[in-house]
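Quick caveat: nothing in here was measured; it's all calculated off a predicted structure. Naming: A, B, ... by sequence-line order, numbering from 1 per chain. These values consider heavy atoms only, across backbone and side chains, with no hydrogens, waters or symmetry-generated copies.
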Amino acid sequence: MNERDRKSYLAAVTDRFVRGGMDRREFLRVAGKLGLGATALGMGFGNRPFMLNKAVAQEQLKPSADVMAWLKDVGKPFAGTTLKLATESTPPSNAINSQLKQYFEEATGIKVEIEVLPLEQVLQKLTLDVASSLGTYDLYYIDQSWSASFSKDVFDPREQIEANAELAMPNYNIDDFLPALVDGISKYEDRWVGVPYDIPIFIMIYRKDIYEKLGLKAPTTFEELLNNSATITKEMGPTTFGYAGQMKSGHYALECEWTSMLWGNGGSIFSADKKFVGNDERGIAALDYYTKLKATMPPGVDGWTWDGQGQAVAQGVAASMLSWGEFFPYFDDASQTKVSGLCEAVIPPQPIALRKPSECGYGEIPGVGHQGGSSLAVSRYSKSPHAAWIFMQWATCADTQALITALGGGTGPTRASVYDDPRVVANARVGAGTTRHLPVVRETIAKYMGSEPDLPQWAQISSDTIPVGLGKYFAGNYGSSKEAMDDIGAQIETIVQG
Amino acid sequence: MQQSKSARALRTLAGWVVVGIFFFPIYFWTSVAFRDAKDIFNWPPIIVDFVPTVKNFEQVFGISLGFSFGQQAAVTPGGGNFYMAPRLWDSIVVASMSTVLAITVATLAAYSLSRMHFRGRHEFVNWVLSTRMMPPVAVAIPMFFIFKQFSLLDTYIGVILIHGLMNLPLAVLLLKSFFDDIPAEIDESALLDGASRWMIFRRIVLPMAKGGIAASAVLCFIFSWTEFLFVLTLTQTGLKTVPVVSSTFVTSIGTAWGNMAALGAAAIVPAFIVILLVQRHLVRGLTMGSLKQ
């Protein structure tokens, strides 16, 4: 049995054992055949399945020998170089920063300095770097909403592969990146703005125990989501509410949730001729739906970003949310939340209607699974672009991505192969850092993903104009949903026209 | 006038209530540092009834304290930022050195402005004041380019310089008012006795203004300790002060409140010690001039 098959088989067996589908004696027998003793598997005296998984993880969560050999070989001429990257504190960046970059540094002799900052400050730093062309950073962490703005300041990875064949990682396989993510996150017009690095995406997360207690089924449509949420709030309020939103006035979070509601009700932000159409009939229906859903949410929701929304579910205040899948592993952490093992992930509710991408402008792709995410790219102003390209390939190759997913708490992988990686599959059990939600994430990316428009002014529109306008609407500053949307539309038209 | 027992008790009680109101936010923030996430966000909020943990401190400072309050300490897998311990040191160095810089220059400048009558003195004082009116963000970006040219980005010297410059106008204005409160007649008498200006400044005026200098130094220290924008703009990974590190706990999947509270609670200690050390002078400095005729 080759190494990969052995690991796959071990992962499957481990999974069966953890789920109670196999007794310990049988498990030890199979493990023994695979050449692993009880000690290597972390088998203590007592039923501690997480200890077991942890030990398996420790045995397996090391970079592949092939990758390390390549790094050693290709990195030699660049030993002594220092690379700099400014990034948001995301699971991939944290896993690389705290646990993985040491392998890269040891193999290549290239030092990597990762500066972790809040997202808006990453943007400030990149903007300064680009404006000055100083090459302060070698690698750029580019949020999907900045792709258009930075598209000319980074190398297209396809060009890098062609131009620097001697530096290309064997089996890097650029086609392994999920095509939907390349389109949604990393592509602007015909250029690749780096490669997909991080993919938070909206999935439906709900409290299975509460739903079962009230005889409800996981919401599959927007109507069911509203009805279920209203029922829970009516039956269990004011201690538990049906749904938690991310509705903080003036914050990007509100724009994200609204966009999902808009797309799910058949609307879009822009029409094919690039006019704002959030105020058309479907747009108004979406805002009215959102208003009704808000009535089922806990008080104070208009002060919450996704953080408050997640905490509401984690503390048992709310029974469901449509939000970033990255929260799910946190919910399963019994030391952090009260809902470990009680939440389930399902695909987002089916839309009432869905506009086609061809009917929208600026590359907007309607879909309830609102996608965020970022790319990793080599700066055109870098003084060490070759060393940076080596790091970028290593950080985004399948092996490193699998390690990030397993170590970084079940973040959504951007490569197809990582979803099937035995190390990732082995982590699909209830507990901290679970990956048991990843099949839902993968299906959502493939079939239900929604992507925001790409235009240089989008950062301003999405983080200011729309959420400020919506905040005013929910605060009662407009006479009607139509009036609010018309006002937001007028502001957007002014911004777009410059 | 004799107060009745009940009136005294009432006054004491009122005093404790006032102290309690002001102390509660500090208590709550510090207590968050010792809580698990589920005790931080519990609804209704828990005030005292939680099992304390040192986990947040261990995660923030990347160390094992070697004990727990009955709970297993653990480090978040793959998450968290494990480079905070030297950053408290960064804040201490930057705040102390920039305060020394600002106070040294400001003391000399303020004494000159207080005692020497030269042309344009009032205009100069107004100009010094006006520099405080400029929003720091307007300066930060040009400073980035200047610092880059002089290789000062991401260095202690760079941040100490900028914090020193930032605090200079305030220190000059404060110290000038303290020197103004010391009668000029004392200087004149000493001059008649043959003392030089420098001698008068060093031996007579400076000791008298000790309280004012301490008060100004504390303010400079606190401003530097809490400054965010310049450190953010002018540094990368070379050094990071507490406010910038605190902001990194705002992550893509929420804010690590426990970690942030742990760093915040730890960050109170050095500032508290500085204030404690100069407390005697501080009270004197803050009340200087209040009884002048």
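Defined by atom type and a distance below 3.5 Å, a donor-acceptor pair is present between the side-chain atoms of A:S323 and A:Q309.
Rounding to the nearest 0.5 angstrom, the gap separating the CZ atom in B:F223 from the NE2 atom in B:H163 is 12.0 Å.
Neither the backbone nor the side chain of A:A253 comes within less than 4.5 Å of any heavy atom of chain B. For A:Q315, the part lying near chain B is the side chain, with the backbone staying farther off; criterion is any non-hydrogen pair under 4.5 Å. Neither the backbone nor the side chain of A:T239 comes within contact range of chain B; no heavy atoms are under 4.5 Å apart. Only the backbone of A:T337 comes within contact range of chain B, judged by heavy atoms closer than 4.5 Å.
Using a cutoff of 4.0 Å between basic side-chain nitrogens and carboxylate oxygens, A:K84 and A:E113 are scored as salt-bridged.
By the 4.5 Å heavy-atom criterion applied to side chains, A:P118 and A:E88 are not counted as neighbours.
Of the listed residues A:T136, A:L117, A:L119, A:L100, the one with more heavy-atom pairs under 4.5 angstrom with chain B than any other is A:T136.
The cationic atom of B:R35 (NZ for Lys, CZ for Arg) lies less than 6.0 Å from the six-membered ring centre of B:F28 and within 45° of the ring axis.
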